[in-house]
Amino acid sequence: MQSINLESKVNLSTISDIITALQTILCSQAIPGIPDFETPYSRTKFSNLNHCAIELEGQSINAIIAERQHQLDKVLHDFSGLQIVIRGIITIRDQLLNQKKKIIESLNLHRRLVSPLWRLPTEVLSQIFCHFLPQVPKLGKLQPPSKLTVPMSLTRICRRWREVVVDMPDLWCVLSVRVDDSNWQQAAFCYDSWLKRAQGRPLSLRLQFHADDHSTKLQHLLQPYTNQIKSLLSCDYYDDETLDVCDLLDAFSLPALRVLTIRGAQEWPHEQFKAFLVRSQCPLESLIVRGSVVTDEQRAEYVALVPSLQSVIYPACSVTEIAI
């Protein structure tokens, strides 16, 4: 049987000929059945095993053994050859699947080229996306990114849409970051990719965390973007626990911050917040506090440090009603 070199690629122009030949052989030639391996010895019941040495009808046991060994060698040789053929067929199948994938990709690409939508200028397509997208939710209602929601879902339609959407920084300026201990490295990579697409635009962030080391994780993630953060909502997403915001305030300097919302602080960290204001030198305009109280004296100290601070609010509404 001629061997097949599995290391070399099969010429795709001859695959049809190979398949046709195999089909012809399988259809035109009946597959032989299993021969009869019965012998006078296998049909005879011996009461004494020593009788196995007896020769019946002139056929010796040694001759039968030699014949069976020859038959086994031939079957093993054929089986080995069949395995080579099967591997060759698998190689052909894999190449056909790869060719099918490339043909479909090319077909879809050229179909899109004749679509009026594909021929729209990038600027027009960007405007369509902006008007089509739902209104950005308020920061308190914002959920972590999902591939099933915009703008992520638009990046999965086609390559051109992905290129257009990824290059629209206004779509990537609002983000909810939830820190937990489950596969944080992968989550941090996704958050970082999102923030890079904002291309330096002002950011509005919602931070959800609860463990002591989560402030450190947030610091490592957000450090390259601290100069862009204009609005920040910090809250604990476990309702039965309170949030110690001291670590969060100590972790950041936010020179562009204009709106800060703190939810879940059991006791207001006055000294830490003053140090944060001095360190950040930010144009803070609004401080929204839920779960603790800022006194008039403390507020006066903040205004002395940051004259732009116009309001300190204790909203009666839910945190989900706080706008960006």
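These numbers come from a predicted model, not from an experiment.
Two residues are said to be in side-chain contact when any heavy atoms from C-beta on lie closer than 4.5 Å; L249 and P269 meet this criterion. Side-chain contact between V177 and L218 is present, with at least one heavy-atom pair separated by less than 4.5 Å. Using a 4.5 Å heavy-atom cutoff, the side chains of Q281 and P255 are not in contact. Using a 4.5 Å heavy-atom cutoff, the side chains of L309 and L277 are not in contact. Contact annotation: the side chain of L221 never approaches that of V179 to less than 4.5 Å [non-hydrogen atoms, C-beta and beyond]. D94 has its side chain out of reach of N98: every pair of non-hydrogen atoms, C-beta onward, lies at least 4.5 Å apart. Considering only heavy atoms from C-beta on, L232 comes within 4.5 Å of L207 through its side chain.
In this structure D192 satisfies the salt bridge (charged side-chain N to carboxylate O under 4.0 Å, His left out) test together with K196, sequence neighbours excluded. For R160, the side-chain contact (heavy atoms from CB on, under 4.5 Å) partners at least two apart in sequence or on another chain are W118, T122, L125, C158, V164. R197 meets the side-chain hydrogen bond (donor to acceptor under 3.5 Å, both in side chains) test with no other residue; sequence neighbours excluded. By the side-chain contact (heavy atoms from CB on, under 4.5 Å) test, I104 pairs with K100, N108, sequence neighbours left out. Remark: P121 engages E123, V124 in a side-chain contact (heavy atoms from CB on, under 4.5 Å) (not counting sequence neighbours). Here D167 pairs with Q199 under the side-chain hydrogen bond (donor to acceptor under 3.5 Å, both in side chains) rule; sequence neighbours left out. Judged as a side-chain hydrogen bond (donor to acceptor under 3.5 Å, both in side chains), and not counting sequence neighbours, the contacts of Q186 are N183. When the side-chain hydrogen bond (donor to acceptor under 3.5 Å, both in side chains) test is applied to D73, the partners found at least two apart in sequence or on another chain are Q69. With sequence neighbours excluded, the residues forming a side-chain contact (heavy atoms from CB on, under 4.5 Å) with A187 are W184, Y191, listed by chain and number.
L76 and V85 sit in two unconnected hydrophobic clusters of ILVMFWY residues. Membership requires side-chain heavy atoms under 4.5 Å apart, directly or through other members. Both I157 and I128 are part of a single hydrophobic cluster, where members link through side-chain heavy atoms under 4.5 Å apart. Each of L72 and I64 belongs to its own hydrophobic cluster when Ile, Leu, Val, Met, Phe, Trp and Tyr are linked at side-chain heavy-atom distances under 4.5 angstrom. Residue I86 is not grouped with residue F79 when hydrophobic side chains (ILVMFWY) are merged at heavy-atom distances under 4.5 angstrom, including chains of intermediate members. If you chain together hydrophobic residues whose side chains sit under 4.5 Å apart, F252 and L257 fall into the same group.
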Between L195 and L205, is a side chain to side chain contact (heavy atoms under 4.5 Å, CB included) present by the stated rule, with each step listed? CA-CA 10 Å; L195 294 170; L205 304 179; 4.1 Å; yes
Criterion side chain to side chain contact (heavy atoms under 4.5 Å, CB included) on V293 and V289, from CA distance to verdict: CA-CA 7 Å; V293 177; V289 180; over 6 Å; no
Intermediate values then yes/no, side chain to side chain contact (heavy atoms under 4.5 Å, CB included), R68 and I65: CA-CA 5 Å; R68 294 293 181 268; I65 292 174; 5.8 Å; no
Apply the test side chain to side chain contact (heavy atoms under 4.5 Å, CB included) to residues W268 and I262: give CA-CA distance (whole Å), side-chain angles for both, the deciding distance (0.1 Å), then the verdict. CA-CA 9 Å; W268 180 249; I262 300 292; 4.1 Å; yes
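The backbone N or O of L284 sits less than 3.5 Å from a side-chain atom of S308, completing a donor-acceptor pair. Remark: side-chain polar atoms of Q228 are not paired, donor with acceptor, to backbone N or O of Y225 under 3.5 angstrom. When atom types are taken as modelled, the side chain of W161 and the backbone of R156 share no donor-acceptor pair closer than 3.5 angstrom. No donor-acceptor pair closer than 3.5 Å links the side chain of S231 to the backbone N or O of S204. Between the side chain of W172 and the backbone N or O of S193 there is no donor-acceptor pair closer than 3.5 Å. Checking side-chain atoms of R290 against main-chain N and O of T261 turns up no donor-acceptor pair under 3.5 Å. In this structure a side-chain-to-backbone donor-acceptor pair under 3.5 Å is present from H110 to S106. Looking only at distances, no side-chain donor or acceptor of S80 sits under 3.5 Å from a matching main-chain atom of H77.
Separating the CD atom in Q208 from the CG atom in L233 is a distance of 8.0 Å, to the nearest 0.5 Å. Distance check: L120 CG to S126 OG gives 10.5 Å after rounding to the nearest 0.5 Å. Put simply, NZ on K101 and CD1 on I103 are 13.0 Å apart, with the number rounded to the nearest 0.5 Å. Atoms CZ and OG, from R258 and S286 in turn, are 12.0 Å apart once rounded to the nearest 0.5 Å. Interatomic distance, CG of L203 versus CG of L222, reported as 8.5 Å (0.5 Å rounding). Here the CG-OG1 distance, from L96 to T91, works out to 11.0 Å after rounding to the nearest 0.5 Å.
For the pair S253 and S280, the tightest heavy-atom approach, listed with the atom from each and the gap, is CA-OG, 3.4 Å. The two residues P169 and C173 make their nearest non-hydrogen contact at O-SG, 3.1 Å.
Screening residues 291-306 for salt bridge (charged side-chain N to carboxylate O under 4.0 Å, His left out) gives K274-E301 as the qualifying pairs, with residues at least two apart or on separate chains. For residues 281-307, the ring-ring contact (aromatic ring centres under 6.0 Å, His included) pairs, not counting sequence neighbours, are H270-Y302, F273-Y302.
Alongside F189, the hydrophobic cluster contains no other residue (criterion: ILVMFWY side chains under 4.5 Å).
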